[in-house]
Amino acid sequence: MIVTIVTPTLNAVDYLKECIESARRNATRGIEIEHVIVDGGSTDGTVELARSYGLKVMQGKDSGIFDAINKGSFNSSGELLGFLGADDVMLPGAAAAVVDAYRTSRRRWVVGAIRWIDSSGHGLGGLAAPPNWMTPAMLVCLGWNPIMHMATYFSRTFFEELGGFDIAYKDAGDYDMFCRALAKEPYGRITQPIACFRRTGVNNSAIHGSRTVAECARVYAQHGPSSQAERLFWRALLKAYFNLGNPDWLLSKMADTTRATLKLQPKAHF
């Protein structure tokens, strides 16, 4: 089976080598990794590095991250499509776990657990794959997206049926996409961590905080309940579920906030 990994880039040379090599290590006798780089105009050697590994590189201006991911996805050949940030890492055995979950669950999309890391690769805790009993209404009540894009894989046919990501979104396109997918069917759940999400403090949603909040509000308006009481109920339930179910992440968040408050680090990672 061919598994496509799409990575949008823009001056990403600092972390890209680790990203590429982590994906390459996931190739096995029965799984071919097709890694597609979609570059928006890098000038730091990103394109040259990607080409030195023999990867397919698409260049040209785009309308943002989700437009770039769409371009790479619709111009690839994998039966399964995954999305890995240039600063993220695919964990060993991830592709095998994805393919196994896809085949055994018979779902058209699968979601795994992740580990959080900082810019130096130090651990910031883990986040288990969300429960697949969530509805889109429950998901948007939480206020943030716990379905991590670097641990989410779609069948090509399902991705095409959904029309890919809505490029009107610049930050919350994954939130919107996963709500639309969830409205059609639940995902196959992978219990093991399959990727590392690097929190640098300058991630896209962190840089464009107010824009992200506005986009999340748009997603809520489309999928959320009209009742404020229902919204508060699901928000409280899911917050408790994620905090209590991921104690290392909860403690890491608390410590991170404390360090930022005491000016022991420039800003919080979360």
Side-chain angles (χ1 to χ4, degrees), residues 8 10-16 18-19 64-65 83-89 91 111-131 134 138-152 169-176 178-179 193-221 224 228-270:
L10 181 62
N11 294 326
V13 75
D14 289 345
Y15 297 112
L16 186 59
E18 185 178 5
C19 171
I65 290 174
F83 324 106
L84 193 65
D87 54 358
D88 298 328
V89 178
L91 290 171
V111 176
I114 62 133
R115 295 175 186 159
W116 305 91
I117 57 175
D118 66 12
S119 56
S120 300
H122 298 135
L124 296 171
L127 184 66
M134 285 192 306
M138 294 179 197
L139 177 57
V140 296
C141 287
L142 187 60
W144 62 280
N145 183 18
I147 302 175
M148 297 289 109
H149 67 268
M150 72 292 300
T152 300
Y169 289 94
K170 304 304 178 185
D171 305 304
D174 51 350
Y175 208 178
D176 165 74
F178 300 158
C179 283
I194 61 174
C196 291
F197 185 175
R198 196 182 301 270
R199 301 292 298 189
T200 61
V202 291
N203 299 88
N204 196 55
S205 58
I207 295 174
H208 304 291
S210 58
R211 187 175 70 183
T212 300
V213 170
E215 289 190 357
C216 287
R218 284 172 55 196
V219 176
Y220 182 88
Q228 180 68 2
E230 184 179 351
R231 179 180 188 176
L232 293 174
F233 172 79
W234 288 121
R235 178 176 172 80
L237 179 67
L238 289 172
K239 282 184 67 175
Y241 179 94
F242 286 111
N243 283 324
L244 296 177
N246 300 279
D248 59 338
W249 174 56
L250 175 60
L251 292 173
S252 182
K253 283 194 301 177
M254 294 170 64
D256 188 63
T257 300
T258 300
R259 287 194 297 270
T261 300
L262 296 175
K263 309 297 184 183
L264 299 177
Q265 64 186 39
K267 62 192 303 184
H269 290 95
F270 297 99

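Everything numeric here is computed off the predicted structure, so don't read it as measured data.
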Check side chain to side chain donor-acceptor pair (under 3.5 Å) between E215 and all other residues, then give those that pass, not counting sequence neighbours.
-> none

Rounded distance (nearest 0.5 Å) linking atom CG of L10 with atom CD1 of I65 | 9.5 Å

Atom CG in D176, atom CG in D171: separation rounded to 0.5 Å?
-> 12.5 Å

Ignoring hydrogens and geometry, is there a side-chain-to-backbone donor-acceptor pair from Y175 to W144 under 3.5 Å?
-> yes

Atom SG in C196, atom CG in D87: separation rounded to 0.5 Å?
-> 11.0 Å

Test item: R199 side-chain N/O and I117 main-chain N/O as donor-acceptor pair under 3.5 Å = no

Could you walk me through whether Y15 and S119 pass side chain to side chain contact (heavy atoms under 4.5 Å, CB included), step by step?
-> CA-CA 9 Å; Y15 297 112; S119 56; 3.3 Å; yes

Mind running side chain to side chain contact (heavy atoms under 4.5 Å, CB included) on L142 and K239 for me, showing each step along the way?
-> CA-CA 7 Å; L142 187 60; K239 282 184 67 175; 3.8 Å; yes

Report the relative orientation of the aromatic rings in H149 and F197; use parallel for angles under 30°, tilted for 30 to 60°, perpendicular for over 60°.
-> perpendicular

Tell me, please, which residues at least two apart from N243 pass side chain to side chain donor-acceptor pair (under 3.5 Å).
-> K253

With side chains defined as the heavy atoms from C-beta onward, is the minimum distance between W116 and S252 less than 4.5 Å?
-> no

Looking only at heavy atoms, the pair that brings M138 and W234 closest together is CE-CH2, 3.4 Å

Would you name the heavy atoms of V219 and A172 that are closest together and state the gap between them?
-> CG2-O, 4.4 Å

D118 side-chain N/O to L124 backbone N/O, donor-acceptor pair under 3.5 Å = no

Checking side chain to side chain contact (heavy atoms under 4.5 Å, CB included) for the pair L139/C179: CA distance, chi angles, key distance, verdict?
-> CA-CA 7 Å; L139 177 57; C179 283; 3.7 Å; yes

Which value, rounded to the nearest 0.5 Å, describes the distance between Y241 atom OH and N246 atom CG?
-> 8.0 Å

Interatomic spacing from CE in M150 to CD1 in I194 - rounded to 0.5 Å | 10.0 Å

For D248 and G126, work out which heavy atoms get closest and say how close.
-> OD2-N, 3.1 Å

Taking all atoms of both residues into account, what is the closest heavy-atom pair of A195 and L91, and its distance?
-> N-CD1, 3.6 Å

Nearest heavy-atom approach of I114 to A151 is CG2-CB, 3.6 Å

Least distance between heavy atoms, C19 atom then A86 atom | CB-O, 3.4 Å

Out of curiosity, R231 CZ to C141 SG, how far, rounded to the nearest 0.5 Å?
-> 6.5 Å

Measure the shortest side-chain to side-chain distance between F242 and P130 over non-hydrogen atoms and say whether it is less than 4.5 angstrom.
-> yes

